[in-house]
Colleague: 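Take this structure, written in structure tokens, and hold onto it; I'll ask about it next.
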Amino acid sequence: MYDFDSAWLTKLEEMRAAGVNPYPNGMKPTHTSTELHELYKDVEDPSTVEGSTGVAVAGRVMFRNRFGKAMFLRILDRGEPTVDTVDAEGNPSKKGGIIQVYLRKNEVGDETFEQMKKLDIGDYVWIKGHVMRTRTGELSVQADEAMLASKIMTTFPDRWHGLNDVELRSRQRYVDLFMNEATRRTFRMRSKVVRYLRDFFEDRDYIEVETPMMQTIPGGATARPFVTHHNALDMELYLRIAPELYLKRLLVGGMERVFEINRNFRNEGISVRHNPEFTMLEFYQAWATYEDLMDITEELFVGLVDKLHGQRKIPFADFEIDFTPPFRRADMDELVVEHTPLQPEQMRDVNAMRAFYVADNPGADLDKLPTTVGKWWELLFEEYAEHKLINPTFVTGFPAEISPLARRNDEDPERVDRFELFCATWEIANAFSELNDPVDQAARFMAQVDAREGGDDEAMYFDADYIRALTYGMPPAAGQGIGVDRLVMLLTGSQSIREVILFPTLRPERKMAEQSVVEFENKDA
RNA sequence: GGGCCUAUAGCUCAAUUGGCAGAGCACCGGACUCUUAAUCCGUAGGUUCUAGGUUCGAUUCCUAGUGGGCCCA
């Protein structure tokens with residue numbers, strides 16, 4: 001049971017005893033704050049304008065100034081700060097989201113005024129009146145009627161310093177949202193990004209699909225899965241680490257262009273770039289190659305920054321990302337050569353790569369070093385090249401051994417037709433021409449199974465039904481995954497994935513866990 | 001998994017070498033009919049994250065744990 005603060009309980013009792021319902025219903029605002037700022041932005045005295053009466057606004061009280069027989073409130077509603085104005089110092093600023101209310105005792109009546117005097121910061125109110133401007137020029141609603149709309153029952157955060165604690169902000173996102181406009185902006189932006197992505201693929205004749213989140217064989221990526229149990233079927237199910245193998249089954253079915261935007265789950269560490277559940281866009285297009293996807297990706301990213309930022313150079317962390325096309329395209333080994341003393345011919349020589357690495361990393365655990373060319377490329381790329389890639393860069397030429405689902409390159413079968421897009425040193429997208437040769441795919445799965453038996457617990461499983469699907473014939477195709485959270489981070493300048501996920505995964509707070517009533521029981525077991 | 005940092009009032013933060021636990025805002029009471037972090041007067045608010053230890057005395061020092069942050073693997 002929740003431990004309510006007795007002072008607030010008393011306050012509510014007194015209010016009810018006085019005949020005031022703290023949680024009434026049915027009040028309707030006629031305008032949002034933003035609509036009023038927009039309607040009257042150029043009007044010196046809105047009270048002279050016909051239609052400025054009978055205006056109702058509603059929202060959370062964020063600020064209050066009380067006098068004996070008058071008061072000012074500023075209330076927050078869903079409006080966005082989009083109306084261009086200038087502030088008192090003459091600097092450009094945006095209005096919206098907040099509107100001031102002016103209440104006078106002789107206009108709202110003694111009874112209402114006494115009730116309004118008892119308002120706490122954080123309460124919801126509904127106000128009806130006319131629009132006016134104060135002596136200092138602030139657009140306000142002067143009240144004829146006012147009522148409490150919903151009562152706060154806890155003290156409000158410090159309104160000057162706000163809510164800064166990173167833990168509190170993500171744990172109590174509901175507080176973060178009403179306290180911080182930057183947070184509201186981030187999640188409005190996230191919504192626009194997702195909307196843009198859907199429109200982008202709809203416009204290109206793609207079908208949006210939903211494939212299983214609970215899978216019997218977790219596939220499509222190399223990662224540890226979450227496991228759960230289905231009682232009626234009495235079997236283990238895995239939360240998906242990727243939708244890939246299901247989307248490619250749809251290609252076999254003749255759905256030539258499909259995309260899915262949905263959650264993936266990976267049972268791994270949490271960091272500023274990793275949350276156990278995260279949102280992935282995957283799309284697949286028959287008759288396309290990975291090179292076509294580079295063109296499509298460029299179009300997608302440029303369109304996105306044009307739409308959401310209106311410019312192609314966007315600031316991020318300590319640098320600026322330039323999305324002006326064409327994006328650079330470079331092979332993985334080429335980038336390693338660029339950022340190490342290694343020569344191009346040494347990139348096929350395991351001993352040469354090992355010698356360089358050991359000399360440069362005296363503390364390295366020699367037993368854990370790679371033994372194959374492909375694994376060396378992966379390591380050297382991650383340690384020497386990745387963190388140099390600020391502007392969008394298509395990294396190509398991946399080794400086949402670290403790409404078990406990608407089509408081999410026709411000229412160099414040790415490589416695959418694959419790219420990853422890097423931005424701001426992060427992997428943002430991963431794409432390849434799809435492996436549609438069932439026999440090769442079966443062999444690649446077996447190599448993964450061997451790796452797993454050799455101790456690689458992130459290696460893939462053998463999915464026989466997926467091989468069976470391929471035996472029916474999958475059209476030549478290419479597919480891509482884009483991490484939506486990281487994309488939103490880039491576009492909002494967020495340094496942590498937790499800033500772009502409304503409710504990121506956190507350990508439960510002890511105090512709340514103690515007061516919660518949760519009974520885990522398995523009735524069928 | 002390893003290292004470093006951190007936890008004090010609802011929020012933002014103080015507390016000298018180890019010596020009575022503090023401020024601002026919020027809350028409660030009062031004054032004030034154009035304020036912009038309003039102002040003024042008064043009251044109240046604490047298991048100093050948890051469990052041990054050292055000490056006459058611990059927010060402070062030590063050990064372990066828990067939550068969180070940063071860095072590394």
Side-chain angles (χ1 to χ4, degrees), chain A residues 3-12 14-15 45 47 60-75 85 87-89 93 95 98-110 112-114 116-123 129 131-143 151-172 174-176 178-180 224 268-274 317 361 363-365 367-369 379 382-383 387 457-458 495-499 504-514:
Chain A
D3 183 17
F4 290 105
D5 185 319
S6 61
W8 289 94
L9 283 173
T10 307
K11 204 177 219 189
L12 282 165
E14 287 170 358
M15 195 174 281
D45 182 3
S47 66
R60 188 188 290 277
V61 176
M62 299 299 286
F63 172 90
R64 179 194 59 189
N65 254 357
R66 287 181 294 194
F67 302 89
K69 293 171 185 165
M71 73 176 75
F72 290 94
L73 305 173
R74 279 210 283 278
I75 63 174
T85 49
D87 65 16
E89 280 86 47
S93 73
K95 285 278 186 189
I98 287 187
I99 182 83
Q100 181 165 265
V101 169
Y102 182 41
L103 269 121
R104 297 206 288 197
K105 189 173 184 176
N106 60 340
E107 282 157 358
V108 296
D110 292 1
T112 299
F113 193 78
E114 285 312 306
M116 292 298 108
K117 269 173 83 171
K118 292 196 167 70
L119 279 181
D120 290 299
I121 292 187
D123 285 346
V131 184
M132 49 83 77
R133 239 174 239 291
T134 63
R135 276 177 206 158
T136 50
E138 180 155 354
L139 192 74
S140 307
V141 174
Q142 189 164 346
K151 186 71 193 161
I152 191 171
M153 262 194 78
T154 185
T155 49
F156 201 74
D158 186 306
R159 74 159 181 266
W160 178 241
H161 297 97
L163 188 72
N164 301 322
D165 185 278
V166 181
E167 181 190 351
L168 273 184
R169 286 185 44 231
S170 41
R171 214 179 264 295
Q172 294 183 253
Y174 38 90
V175 179
D176 183 33
F178 65 69
M179 289 303 290
N180 295 309
R224 288 190 193 85
E268 296 175 346
I270 295 177
S271 79
V272 288
R273 288 197 299 280
H274 299 87
N361 296 274
D365 183 347
D367 295 334
K368 288 186 179 163
L369 293 179
L379 177 69
E382 283 175 5
E383 293 205 10
H387 63 276
D457 53 6
E458 289 192 347
Q495 306 291 310
S496 166
I497 197 167
R498 240 179 284 192
E499 300 285 309
T505 306
L506 293 171
R507 274 207 171 80
E509 196 180 346
R510 192 187 302 168
K511 192 171 157 194
M512 290 300 108
E514 283 167 359

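Note that the structure is predicted; figures quoted are calculated from it, not measured.
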Colleague: What is the distance, rounded to the nearest whole Å, between atom OH of A:Y174 and atom P of B:rC11?
Modeller: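 After rounding, the reported distance stands at 12 Å.
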Colleague: Nearest-Å distance, CD1 (A:I270) to C1' (B:rC70)?
Modeller: 15 Å
Colleague: Within the side chain of A:D123, is there an N or O that forms a donor-acceptor pair under 3.5 Å with the backbone of A:K151?
Modeller: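 Side chain of A:D123 to backbone of A:K151, a donor-acceptor pair under 3.5 Å: no, none is there.
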Colleague: Using OP1 and OP2 only, check whether a side-chain N or O of A:R64 sits under 4.0 Å from B:rC27.
Modeller: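 Indeed, a polar side-chain atom of A:R64 lies that close.
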Colleague: Is the side chain of A:R64 donor-acceptor paired with the backbone N or O of A:L119 at a distance under 3.5 Å, no angle test?
Modeller: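 Between the backbone of A:L119 and the side chain of A:R64 there is a qualifying donor-acceptor contact (under 3.5 Å).
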Colleague: Can you tell me the distance, in whole Å, between the CZ atom of A:F178 and the P atom of B:rA26?
Modeller: 15 Å
Colleague: Between atom CZ in A:F113 and atom P in B:rC32, what is the gap in whole Å?
Modeller: 10 Å
Colleague: Using atom CD of A:Q100 as one end and atom C1' of B:rA37 as the other, report the distance to the nearest whole Å.
Modeller: 14 Å
Colleague: Which nucleotide, B:rC34, B:rC28, B:rG10, lies nearest any side-chain atom of A:T155?
Modeller: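 When the side chain of A:T155 is considered, B:rG10 is the closest of B:rC34, B:rC28, B:rG10.
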Colleague: If you check every side-chain atom of A:F67, which of B:rC70, B:rC34, B:rA26 has the closest atom?
Modeller: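 My answer, after comparing the listed nucleotides, is B:rC34.
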Colleague: Within the 4.0 Å heavy-atom criterion, would you say A:T154 contacts the bases, only the backbone, or no part of the nucleic acid?
Modeller: nothing
Colleague: Please work out whether the ring planes of A:F67 and A:F72 are parallel, tilted or perpendicular, with thresholds of 30° and 60°.
Modeller: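 If you compare the ring of A:F67 with that of A:F72, the planes turn out perpendicular.
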Colleague: Which base sits across from B:rA73 as a Watson-Crick or G-U pair, both distances under 3.5 Å?
Modeller: none
Colleague: Do side-chain atoms of A:R74 reach the backbone of A:I98 as a donor and acceptor pair under 3.5 angstrom?
Modeller: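 No.
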Colleague: Roughly how far apart, to the nearest Å, are B:rU50 and B:rU8 at atom P?
Modeller: 10 Å
Colleague: Side chain of A:F156 only, please: which of B:rG67, B:rA26, B:rC34 is the nearest?
Modeller: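 The nucleotide sitting nearest to the side chain is B:rA26.
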Colleague: With rounding to whole Å, what would you report as the distance between B:rC20 and B:rC32 at their P atoms?
Modeller: 42 Å
Colleague: Starting at CD of A:E114 and ending at C1' of B:rU33, how long is that distance when rounded to a whole Å?
Modeller: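 Interatomic distance, CD of A:E114 to C1' of B:rU33: 14 Å.
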Colleague: Heavy atoms under 4.0 Å, any strand shown: does A:N106 hit a base, just sugar-phosphate, or nothing?
Modeller: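 Contact class for A:N106: base.
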Colleague: Please report the distance, rounded to the nearest Å, between CG in A:L12 and P in B:rC27.
Modeller: 15 Å
Colleague: Just so I know, are the side chains of A:W8 and A:I152 near enough to count as touching, which here means a heavy-atom distance under 4.5 Å?
Modeller: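 A side-chain contact exists here, since the closest heavy-atom pair is under 4.5 Å.
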Colleague: Taking any strand in view, what nucleotide pairs with B:rC13 in a Watson-Crick or G-U wobble way, both distances under 3.5 Å?
Modeller: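 Per the H-bond distance test, B:rG22.
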Colleague: Between A:E268 and A:R224, is there a donor-acceptor pair closer than 3.5 Å when you use the side chain of the first and the backbone of the second?
Modeller: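 Side chain of A:E268 to backbone of A:R224: a pair is present.
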Colleague: Rounded off to whole Å, could you give me the CZ-to-C1' distance for the A:R171 and B:rA7 pair?
Modeller: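 A:R171 atom CZ is separated from B:rA7 atom C1' by 13 Å.
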Colleague: Given the C1' atoms of B:rG65 and B:rU12, what is the spacing between them in whole Å?
Modeller: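 Approximately 28 Å lies between the C1' atom of B:rG65 and that of B:rU12.
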Colleague: Please measure how far the P atom in B:rC34 lies from the corresponding atom in B:rG46, and state the result in whole Å.
Modeller: 38 Å
Colleague: Looking only at heavy atoms, which two atoms of A:M132 and A:Y102 are closest? And how far apart?
Modeller: CE-CD2, 4.0 Å
Colleague: Write down the distance separating the P atoms in B:rC11 and B:rU16, rounded off to the nearest Å.
Modeller: 23 Å
Colleague: B:rC70 and B:rC27: how far apart are their C1' atoms, nearest whole angstrom?
Modeller: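 Roughly 36 Å separates the two C1' atoms.
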Colleague: Please determine, for B:rA64, whether a Watson-Crick or G-U wobble partner exists with both distances under 3.5 Å, and give it or none.
Modeller: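 For B:rA64, the partner nucleotide comes out as B:rU50, under the 3.5 Å rule.
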Colleague: Between B:rC70, B:rU33, B:rC27, which nucleotide gets closest to the side-chain atoms of A:V272?
Modeller: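 It is B:rC70.
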Colleague: So which one's nearest nucleotide on RNA chain B is more toward 5', A:K105 or A:I121?
Modeller: A:I121
Colleague: Heavy atoms only, 4.0 Å cut-off, all strands: where does A:M132 land among base, sugar-phosphate and nothing?
Modeller: base
Colleague: Under a 3.5 Å limit for both distances, which nucleotide forms a Watson-Crick or G-U wobble pair with B:rU33, could you say?
Modeller: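 In the structure as shown, B:rU33 has no Watson-Crick or wobble partner.
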Colleague: Polar-atom pairs under 3.5 Å, protein N or O versus N or O of nucleotides 21-24 of chain B: list them with distances, or write none.
Modeller:
from: B:rG24; atom 1: N2; to: A:D158; atom 2: OD2; distance (Å): 2.3

Colleague: Given B:rC34, B:rU33, B:rG68, identify the nucleotide with an atom nearest to the side chain of A:L506.
Modeller: B:rG68
Colleague: Rounded to whole angstrom, note down the P distance from B:rC41 over to B:rA51.
Modeller: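 Going atom to atom, P in each nucleotide, I get 40 Å.
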Colleague: Say we look at B:rG42 and B:rC61: how far apart would their P atoms be, to the nearest angstrom?
Modeller: 36 Å
Colleague: Do A:R60 side-chain atoms and A:G122 backbone N/O form a donor-acceptor pair below 3.5 Å?
Modeller: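 Present.
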Colleague: Would a distance-only check, ignoring hydrogens and angles, find a side-chain to backbone donor-acceptor pair under 3.5 Å from A:S271 to A:R273?
Modeller: yes
Colleague: Can you find a pair of side-chain heavy atoms, one from A:E107 and one from A:F113, that are under 4.5 Å apart?
Modeller: no
Colleague: Between B:rC34, B:rC27, B:rU33, which one does the side chain of A:F72 approach most closely?
Modeller: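 In terms of side-chain proximity for A:F72, the closest of B:rC34, B:rC27, B:rU33 is B:rC34.
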